[in-house]
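Along the sequence shown, residues carry numbers from 1.
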Amino acid sequence: MTYFAPEARAALDGLGYRGFWMGYFAARSAPLGMVPREVVTAVFYNFAPERVAKALPTAWEIAGPDAALRARQDSAVAALRRYGLDSDENIGVAAELAARAARQAPLDGRPLFAANLALPWPDDPLAALWHAATLLREQRGDAHVAVLTAAGVSGRESNVLHAAAGRIDRDYIARTRDYDDAAWHHHEQRLAERGLLNDDGSLTATGRELKDRIESATDTLGLSALDVFSDDEVEALFQALTPITRAVVAGGDVPAVTPMGLHRDELDDGSAHLVHT
């Protein structure tokens, strides 16, 4: 919501931030406070340091982290309400379950998740659900960074590897993550030297195995947030979230493809598809 809804862009522009990326880095890093831009580059992982430097710390001279935090939450809730969502019973169930998962999810080695977890919890159920979803998103993201780091794949290499795996269009990720042809080729060469890419930039068998292992490990670490639930509670969470997610998708603000490689047409049903043994 904080990346794609027009309410979010309007709120961040209203604070005086100049352009999408200044608002993005300010709002997403605001839970960390006014940390050096090097910290944000390290935590966000796959962005060009030069891109971060264009936004921070200049953004804090315009509006501080507290203002950015208010803007991102209020604008996200406004967008959710525009989609027809309100604080009804289903929202309450989803918010309660997602909050329980987020509050008890593993904290170790997850700095951006920890910074968001330290924020005050919203009273409004719709705001609480958005906050819980943000926590779980950053908890998974921090784990993904840890897995990539352990695999020896740098942040800038991770985008190239993602495109080589067919998860995202090369031109799209190169444009949104600031690669010129020379920079892209440099990181392809580094991956090729490790036997991960072929001469044409496609994955080798070793590269495919590594990419699959990275994604599987990330999934395993992300799903650990649900360990607090029984199987029935996991199903209840998915059943509550599915109509909410469909309302968000129907709102039309989330692009058909995002830099994370998510696709709007991948939402099939509400079941967690748990296998009972």
Side-chain angles (χ1 to χ4, degrees), residues 3-4 20-21 24-25 28-29 32 35 37-56 106 108-116 134 136-225 255 257-263 266:
Y3 310 139
F4 305 118
F20 172 83
W21 287 112
Y24 172 87
F25 285 111
R28 191 174 171 211
S29 72
L32 297 167
V35 297
R37 61 175 177 259
E38 291 85 355
V39 175
V40 175
T41 301
V43 172
F44 283 25
Y45 202 65
N46 67 355
F47 288 92
E50 298 80 9
R51 169 67 72 180
V52 181
K54 288 180 180 179
L56 302 173
D108 303 28
R110 294 172 173 88
L112 196 50
F113 168 64
N116 279 275
T134 298
L136 292 170
R137 176 260 185 277
E138 300 296 12
Q139 201 263 0
R140 177 185 172 85
D142 285 340
H144 191 52
V145 168
V147 173
L148 285 165
T149 303
V153 178
S154 73
R156 300 300 282 163
E157 290 170 351
S158 71
N159 294 317
V160 177
L161 190 69
H162 205 48
R167 301 294 185 95
I168 194 71
D169 179 73
R170 183 257 197 222
D171 291 340
Y172 177 76
I173 196 66
R175 183 178 71 255
T176 58
R177 292 297 183 267
D178 298 288
Y179 296 83
D180 58 21
D181 288 341
W184 189 270
H185 180 67
H186 168 74
H187 293 294
E188 280 188 326
Q189 285 295 107
R190 287 176 58 88
L191 293 169
E193 288 167 3
R194 296 173 55 191
L196 302 176
L197 295 188
N198 294 305
D199 291 341
D200 63 357
S202 63
L203 290 179
T204 63
T206 301
R208 175 65 63 185
E209 181 184 1
L210 176 65
K211 178 62 172 170
D212 290 346
R213 190 163 68 247
I214 288 169
E215 297 302 329
S216 178
T218 300
D219 287 345
T220 299
L221 290 171
L223 287 170
S224 66
V257 179
T258 73
M260 292 81 74
L262 301 174
H263 297 264
E266 289 177 346

How far does [atom1] of [X] sit from [atom2] of [Y], to the nearest 0.5 angstrom?
| X | Y | atom1 | atom2 | value |
| --- | --- | --- | --- | --- |
| D171 | W184 | CG | CH2 | 8.5 Å |
| N46 | T176 | CG | OG1 | 8.5 Å |
| L197 | E188 | CG | CD | 6.5 Å |
| D142 | F113 | CG | CZ | 8.5 Å |
| E209 | T204 | CD | OG1 | 9.5 Å |
| L136 | N116 | CG | CG | 10.5 Å |

### Task
Report the C-alpha separation of Y45 and L112 in whole Å, then their side-chain angles, then the decisive distance to 0.1 Å, and conclude whether the side chain to side chain contact (heavy atoms under 4.5 Å, CB included) test is met.
CA-CA 11 Å; Y45 202 65; L112 196 50; over 6 Å; no
### Task
Just do the side chain to side chain contact (heavy atoms under 4.5 Å, CB included) check on F44 and V52 with the steps written out, would you?
CA-CA 9 Å; F44 283 25; V52 181; 5.8 Å; no
### Task
Answer whether the closest heavy-atom distance between the side chains of V35 and V43 falls below 4.5 Å.
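Not touching, per the 4.5 Å side-chain cut-off.
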### Query
Is there side-chain contact between P106 and Q139, with heavy atoms separated by less than 4.5 Å?
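SC-SC contact between P106 and Q139 confirmed.
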Can you name the closest pair of heavy atoms from [X] and [Y] and give their distance?
| X | Y | result |
| --- | --- | --- |
| I173 | A163 | CG2-CB, 4.2 Å |
| W21 | R177 | CH2-NH1, 3.6 Å |
| S158 | G155 | OG-O, 2.6 Å |
| G195 | T206 | O-CB, 3.7 Å |
| R194 | A151 | NH2-O, 3.0 Å |

Using atom types as modelled and distance alone, determine if a side-chain donor or acceptor of [X] lies under 3.5 Å from a backbone N or O of [Y].
| X | Y | answer |
| --- | --- | --- |
| Y179 | R170 | no |
| D200 | S202 | yes |
| S29 | F25 | yes |

### Task
Determine whether more than 12 heavy atoms belonging to other residues, nucleotides or ligands lie under 6.0 Å from atom CG of D199.
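Result for CG/D199: open.
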### Query
R190 and H187: side chain to side chain contact (heavy atoms under 4.5 Å, CB included), yes or no, with the steps?
CA-CA 5 Å; R190 287 176 58 88; H187 293 294; 4.3 Å; yes
### Query
Under a 4.0 Å N-O cut-off, is there an ion pair linking K54 with E50?
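No, K54 and E50 are not salt-bridged.
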### Query
After noting the C-alpha distance and the side-chain angles of R167 and K211, does the key distance pass the side chain to side chain contact (heavy atoms under 4.5 Å, CB included) rule?
CA-CA 11 Å; R167 301 294 185 95; K211 178 62 172 170; 4.2 Å; yes
### Task
Using the test side chain to side chain contact (heavy atoms under 4.5 Å, CB included), find all partners of T218 that sit at least two apart in sequence or belong to another chain.
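For T218 the side chain to side chain contact (heavy atoms under 4.5 Å, CB included) partners, ignoring immediate neighbours, are R140, H144, V147, I214.
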### Query
Angle class for the Y3/Y24 ring planes (parallel below 30°, perpendicular above 60°, tilted otherwise)?
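Geometry flag for Y24 against Y3: tilted rings.
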